[in-house]
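No hydrogens, no waters, no symmetry mates; every other heavy atom, side chains included, goes into these values.
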Amino acid sequence: MNTTREKISALIIAYNEIGYIERCIASVAFADEIVVVDSYSTDGTYEYLKKHPKVRVIQHPFSNFTLQKSYALKQASNDWVLFLDADEVVSEDLKTEIIETVNSNNEFVAYWFYRKFMFEKSPLHFSGWQTDKNYRLFRKSKAQFSDKKIVHETLDVDGKSGILKEKLTHYCYKNFADYKAKMLKYGRLKAKESFYREKQFNYACLIFKPLWKFFNHYVLRLGFLDGKKGITICYLNALSDLERYRELKELEKKNELAYYLVMP
């Protein structure tokens with residue numbers, strides 16, 4: 001019987017997360033190493049991490065989420081990797097499940113986590129997030145981040161995947177201004193992704209995609225049951241889609257201008 005304990009590397013990417021990353025770091029203290037890739041924070045995040053006795057922090061410029069997470073993955077010393085966002089927290093029950101899972105000698109090489117979204121200090125039960133799940137635990141040797149996405153990145157997994165029962169707590173909504181900035185940033189990155197994949201701008205998408213996003217999340221995905229929180233989240237998620245198509249239009253304009261400028 002193999003009694004060797006599997007080691008775990010906890011990986012986090014961060015930018016200006018002071019006030020949130022402390023909880024994240026504390027919740028993964030069970031990991032054999034904690035590596036944080038910081039994209040030159042200006043709010044004290046880097047200084048806090050630099051002083052933390054259990055953290056190895058590396059500064060690396062941010063291009064997009066896929067490249068940043070791929071870089072972080074290369075820094076892991078162990079095969080089993082627990083990859084978190086800086087505003088995510090592992091509960092005690094989830095910690096126990098993670099440790100038992102990596103030492104269970106089963107056939108799975110990657111695991112999906114369901115997430116509990118927190119709107120400031122209270123949970124968001126609906127608004128499209130109730131079925132959200134992401135890869136968070138996997139073998140480094142069996143997975144890599146897909147180069148097809150630069151935001152809402154995902155893994156290409158060589159092997160079978162499982163799902164953990166306990167949820168990961170995600171403090172996604174700090175305040176209106178922060179979440180709005182995050183959604184606009186996601187929208188611009190999605191525009192670049194669409195542009196690189198040669199998806200063309202059209203006004204129908206600019207008008208109807210944001211409207212559909214709001215209707216889908218607020219009505220079909222029961223966002224109205226979250227009250228005022230649901231309205232806020234569904235509006236800002238729809239705003240992300242609006243920004244995506246605005247930015248795609250601008251990228252196409254810039255590309256056309258560059259083409260005419262280089263023409264003989």
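- Here the side chains of Ile163 and Tyr114 are in contact, with some heavy-atom distance below 4.5 Å.
- The distance from atom CZ of Phe138 to atom NZ of Lys140, rounded to the nearest 0.5 Å, is 10.0 Å.
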- Item | Evaluation steps, salt bridge (charged side-chain N to carboxylate O under 4.0 Å, His left out), between Glu6 and Arg139 | CA-CA 11 Å; Glu6 292 281 358; Arg139 286 191 179 276; 3.7 Å; yes
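- Proximity of a side-chain donor or acceptor of Asp43 to a complementary backbone N or O of Thr45 within less than 3.5 Å is detected.
- Closest approach of Val90 to Lys95, counting heavy atoms only: CG1-N, 3.5 Å.
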- How far apart are the C-alpha atoms of Leu239 and Tyr179, what are their side-chain angles, what is the distance that settles it, and do they pass the side-chain contact (heavy atoms from CB on, under 4.5 Å) test? CA-CA 11 Å; Leu239 183 65; Tyr179 195 80; over 6 Å; no
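- Exactly one of Lys180, Lys249, Arg188 qualifies for a salt bridge (charged side-chain N to carboxylate O under 4.0 Å, His left out) with Glu243. That residue is Arg188.
- Side-chain atoms of Ser122 never come within 3.5 Å of backbone atoms of Met118 as a donor-acceptor pair (strictly under, hydrogens ignored).
- Looking at Asn78, its side chain never comes within 3.5 Å of a backbone N or O of Trp80 through a donor-acceptor pair.
- Looking at heavy atoms from C-beta onward, Tyr48 lies out of side-chain contact with Val55 at the 4.5 angstrom threshold.
- Side-chain atoms of His170 and Asp85 form no donor-acceptor pair, as typed in the model, at a separation below 3.5 Å.
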- Item | Trace of the side-chain contact (heavy atoms from CB on, under 4.5 Å) decision for Tyr218 with Leu225 | CA-CA 8 Å; Tyr218 189 70; Leu225 294 178; over 6 Å; no
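- Residues Glu193 and Lys199 are not paired through a salt bridge, judged by the lack of any N-O separation under 4.0 Å between the basic side chain and the carboxylate.
- Transitive grouping of hydrophobic side chains (ILVMFWY, heavy atoms separated by less than 4.5 Å) keeps Tyr40 and Leu67 in distinct clusters.
- By the 6.0 Å and 45° rule, Arg23 stacks over the aromatic ring of Tyr171.
- In this structure, the ring of Phe145 has its center less than 6.0 angstrom from the ring center of Phe83.
- A salt bridge is absent between Glu120 and Lys174; no separation between the charged side-chain nitrogens and carboxylate oxygens falls under 4.0 Å.
- The side-chain heavy atoms of Ile58 and Tyr46, taken from C-beta on, include no pair separated by under 4.5 Å.
- Rounded to the nearest 0.5 Å, atoms CD1 (Ile8) and OG (Ser77) are 13.5 Å apart.
- Using a 30° and 60° split on the angle between ring planes, Tyr173 and Phe119 fall in the parallel class, below 30°.
- Leu211 and Val219 are members of different hydrophobic clusters when ILVMFWY side chains are connected at heavy-atom separations under 4.5 Å.
- The six-membered or imidazole ring of Phe62 lies near that of Phe65, with a centre-to-centre distance under 6.0 Å.
- The pair Arg115-Asp132 meets the salt-bridge criterion, with a side-chain N (NZ, NE, NH1 or NH2) lying under 4.0 Å from an Asp/Glu carboxylate O.
- Here CG of Leu236 is found 10.0 Å from CZ of Phe214. Values are rounded to the nearest 0.5 Å.
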- Task: For Phe30 and Leu82, run side-chain contact (heavy atoms from CB on, under 4.5 Å): C-alpha distance rounded to whole Å, both residues' side-chain angles, the deciding distance at 0.1 Å, then the answer.
- Result: CA-CA 11 Å; Phe30 63 91; Leu82 174 63; 3.9 Å; yes
- For Lys50 and Glu47, what are the C-alpha separation, side-chain angles and deciding distance, and is it a side-chain contact (heavy atoms from CB on, under 4.5 Å)? CA-CA 5 Å; Lys50 192 77 174 174; Glu47 289 74 16; 5.6 Å; no
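- In terms of modelled atom types and a separation under 3.5 Å, the side chain of Gln75 and the main chain of Ala72 share no donor-acceptor contact.
- Note on Lys160 versus Glu107: salt bridge recorded, some NZ/NE/NH1/NH2 to OD/OE distance being below 4.0 Å.
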- Message: Checking Glu33 against Lys54 for the salt bridge (charged side-chain N to carboxylate O under 4.0 Å, His left out) test, could you report, in this order, the C-alpha distance in whole Å, the side-chain angles of both residues, the deciding distance, and whether it holds?
- Response: CA-CA 7 Å; Glu33 71 167 352; Lys54 289 205 66 175; over 6 Å; no
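- Here the straight-line distance linking atom SG of Cys172 with atom CD1 of Ile233 works out to 5.5 Å at 0.5 Å rounding.
- Judged by distance alone, the side chain of Gln130 and the main-chain N or O of Arg221 form a donor-acceptor pair under 3.5 Å.
- Under a hydrophobic clustering in which Ile, Leu, Val, Met, Phe, Trp and Tyr are joined whenever their side-chain heavy atoms come within less than 4.5 Å, directly or via other members, Ile34 and Val57 fall into the same cluster.
- Looking at Asp87 and Lys182, a side-chain N of the basic residue comes within less than 4.0 Å of a carboxylate O on the acidic one, giving a salt bridge.
- Leu84 and Cys24 get closest at one heavy-atom pair: CD1-SG, 4.0 Å.
- Val102 and Phe113 fall within a single hydrophobic cluster, where Ile, Leu, Val, Met, Phe, Trp and Tyr are joined by side-chain heavy atoms under 4.5 Å apart, directly or via other members.
- Minimum interatomic distance between Ala143 and Leu73 (heavy atoms only, all atoms of both residues): O-CD2, 4.1 Å.
- In this structure the side chain of Asp38 reaches within 4.5 angstrom of the side chain of Ser41, judged on heavy atoms.
- In this structure, the separation between CG on Leu124 and CG on Asp226 is 4.0 Å, given to the nearest 0.5 Å.
- Between the Asp32 side chain and the Ser9 main chain, no donor and acceptor come within less than 3.5 Å of each other.
- At a threshold of 4.5 Å between non-hydrogen side-chain atoms, the residues Val109 and Asp158 do not count as touching.
- Shown here for Cys234 and Gly223, the closest heavy-atom pair between the two residues is SG-CA, 4.4 Å.
- Counting heavy atoms of neighbouring residues, nucleotides and ligands inside a 6.0 Å radius, atom NZ of Lys69 exceeds 12 of them.
- Asn103 contributes a side-chain N or O that, together with a main-chain N or O of Ile99, makes up a donor-acceptor pair within less than 3.5 Å.
- Taking CD of Glu17 as the reference point, atom OG of Ser39 lies at 9.0 Å (rounded to 0.5 Å).
- In Lys209, the NZ atom is not crowded: 12 or fewer heavy atoms of neighbouring residues, nucleotides or ligands sit closer than 6.0 Å.
- Cluster annotation: Val157 is not connected to Phe108 through the hydrophobic network of ILVMFWY side chains, with a link wherever side-chain heavy atoms come within less than 4.5 Å.
- More than 12 non-hydrogen atoms from other residues, nucleotides or ligands lie less than 6.0 angstrom from OH of Tyr71.
- By the 4.5 Å heavy-atom criterion applied to side chains, Ile13 and Val36 are not counted as neighbours.
- Between Leu206 and Leu242, the closest side-chain pair of non-hydrogen atoms falls below 4.5 Å.
- With a 4.5 Å cut-off on side-chain heavy atoms, Ile25 and Ile12 count as touching.
- Put simply, the side chain of Gln68 gets close to the backbone of His60: a donor and an acceptor are under 3.5 Å apart.
- Listed for the Lys229 side chain is a donor-acceptor partner under 3.5 Å among the backbone atoms of Pro123.
- Within the 3.5 Å criterion, the main-chain N or O of Thr101 finds a donor-acceptor partner in the side chain of Ser104.
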